[in-house]
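Have a look at the structure below before the remarks.
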2 protein chains.
Amino acid sequence: MSTPGRGLHGHVLDTLGPAITAGAYPPGSVLRTDELAQRFEVSRSVMREAVRVLESMHLVESRRRVGVTVLPKAAWNVYDPQVIRWRLAGADRPHQLRSLTVLRSAIEPVAAGLAARHATPEQCSQLTERALGMVENSRGHRLEQYLFHDVAFHRIVLTASGNEMFARLGDVVAEVLTGRTHHEVMFADPDPAAVTLHVELAAAIREGDAARAEALTREITAGALQELDILAP
Amino acid sequence: MSTPGRGLHGHVLDTLGPAITAGAYPPGSVLRTDELAQRFEVSRSVMREAVRVLESMHLVESRRRVGVTVLPKAAWNVYDPQVIRWRLAGADRPHQLRSLTVLRSAIEPVAAGLAARHATPEQCSQLTERALGMVENSRGHRLEQYLFHDVAFHRIVLTASGNEMFARLGDVVAEVLTGRTHHEVMFADPDPAAVTLHVELAAAIREGDAARAEALTREITAGALQELDILAP
DNA sequence: GTGACAAATAAGTCTGACTTTTTGGCTCGG
DNA sequence: CCGAGCCAAAAAGTCAGACTTATTTGTCAC
């Protein structure tokens, strides 16, 4: 799913990125390029490229005569998929998962409403297909297959909204759903009520009923939030 | 407001970034690092750093023996503030402004609801202060001062929501509001109804009335959307 | 046609020397 | 005692050149 370090600078990022986002270096900490290059056993050119990328994510700031300063959390580009992955892999995963779920609950209902207006016939049929897939895998501990269809379903809704900002949140939703299935406790089969809501949502979008699509999605995301509250009150 | 190119690689980005996001190089176009380095009269090291940054924004992809390939719009990190600025400065500014306004209309109502629950007394007083500032500057073509308070107001709401993902959209909202005032036609004073809504919203948050705060914000963002429809139907 | 092998190509990497900016301290004069 | 201004050190920034490596493409034999 993610893109593991391509090239040497990528490997450096795979180590430094998670370390910084995990808070291993408190804000204001100063790193030196040469020292980092030695530590990771790469040339300064490679280390400089890595620092530039971290800088573009606003994780660090490089200043002459000072060094590479770690920036406070408030400055980070928290929408960068790479940063999201790093943070989800770290210690504050639960906190991160909650933030993203709240984001979902704001975005997806509006996206569903727009999808009901703009979805193409092809997108509608794909949607019903995925909903069917969810129904078929909702029993008998077929969590992996269920997840697959669930992710695809939400991706289609976001894309069908016609808004590029919404569409790009497909990866975020995928991370949240995947995280919920894999890392949180989910022994039991998915909630039957949720499955029904997805089927109804597909229908609402197909019929162009924007208000109903929005309301149904609010119920779905409300369920996701409630789930979090049960697990980590 | 933005951060103009620090260092040589920054200057290169200030030219290449807008060019790519403006579509000057169609998706799939191949650039060569050496050629770019010559064109911008910088060393390859500097150009490589610039390419790494563009790569981290998913604007381009660098592959051996092939070159630097421009990626399709669908791959771009459209939430990267830098990318947003580049696109707002380019030709599809209207389209971009609409996408962001729709995003606002999804996020801000939920954020306002959360703010009503979580805002500190200090944030509440700041909010009323800003609302007052908006009222005072709502007449007599004091657009610049009005904008200043408007931006601050929405920033506080997003921050007070307590959700870091929402808080980071403060910059986006600032860009949208600023863009509306500066580049779109706004000879007239701001809509008095909008001003009233902001005052009421500050009150609702202060009183902890989440439902009312959310509803009022929906009215505000609906107004912003309507404004766009009038200007570019 | 297909398989393997060889050549060309552009990114990737490393090294060392040099430049530029910033900061912190030091001196000197008030 | 304190401030202005100057100097030196430190670290990032820049450049040039040589070398490595992966990938593609083309060719040739089978």
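Annotation: side chain of A/R168 is not in contact with side chain of B/W76 (no heavy-atom distance under 4.5 Å).
Separating the CZ atom of A/R48 from the P atom of C/dG12 is a distance of 17 Å, rounded to the nearest angstrom. Distance, A/L8 CG to D/dT21 P: 11 Å, rounded to whole Å. Spacing between atom CZ of B/R6 and atom C1' of C/dT20 amounts to 15 Å, rounded to whole angstrom units. Summarising the geometry, the separation between CE on B/M47 and P on D/dG13 is reported as 17 Å, rounded to the nearest angstrom. Put simply, CD on B/Q38 is 11 Å from P on D/dA16, counting in whole angstrom units. Spacing between atom CD of B/E49 and atom C1' of D/dA12 amounts to 10 Å, rounded to whole angstrom units. Rounding to whole angstrom units, CD of residue A/E61 and C1' of D/dA11 are separated by 15 Å. Between the CZ atom of A/F40 and the C1' atom of C/dT13 there is a distance of 17 Å, rounded to whole Å.
In this structure, of D/dT24, C/dA11, D/dA12, it is D/dT24 that holds the atom nearest to the side chain of B/R63. With C/dC14, D/dT23, C/dT21 as the candidates, the nucleotide lying closest to the side chain of A/R64 is C/dT21. For A/S43, the listed nucleotide lying nearest its side chain is C/dT13; candidates were D/dA16, C/dT13, D/dA11. Of all nucleotides listed (C/dC14, D/dG13, C/dA11), C/dA11 comes nearest to the side chain of B/R32. Distance from the side chain of A/D34 is smallest for D/dA12 among the nucleotides D/dC15, D/dA12, C/dG12.
Between B/G67 and B/V30 the shortest heavy-atom distance is CA-CG1, 4.1 Å.
The base of D/dG17 lies close enough to the side chain of B/R44 for a donor and an acceptor atom to sit less than 3.5 Å apart.
Annotation: of the two residues near DNA chain C, B/V66 and B/S45, the 5′-most nearest-nucleotide partner is B/V66. Summary of the strand contacts: A/S62 and B/R65 both lie near DNA chain D, and taking for each the nucleotide with the nearest heavy atom, the more 5' one is attributed to A/S62.
We find that B/R44 and B/E49 are not joined by a salt bridge, their nearest charged nitrogen and carboxylate oxygen being 4.0 Å or further apart.
The shortest distance between the side-chain N/O atoms of A/R52 and the OP1/OP2 oxygens of D/dG13 is below 4.0 Å. In this structure, B/T33 reaches the C/dA11 phosphate: one of its side-chain N or O atoms is under 4.0 Å from OP1 or OP2.
Judged by distance alone, the side chains of B/H198 and B/H154 do bring a donor and an acceptor atom under 3.5 Å apart.
Between the side chain of B/E55 and the backbone N or O of B/S62 there is at least one donor-acceptor pair closer than 3.5 Å.
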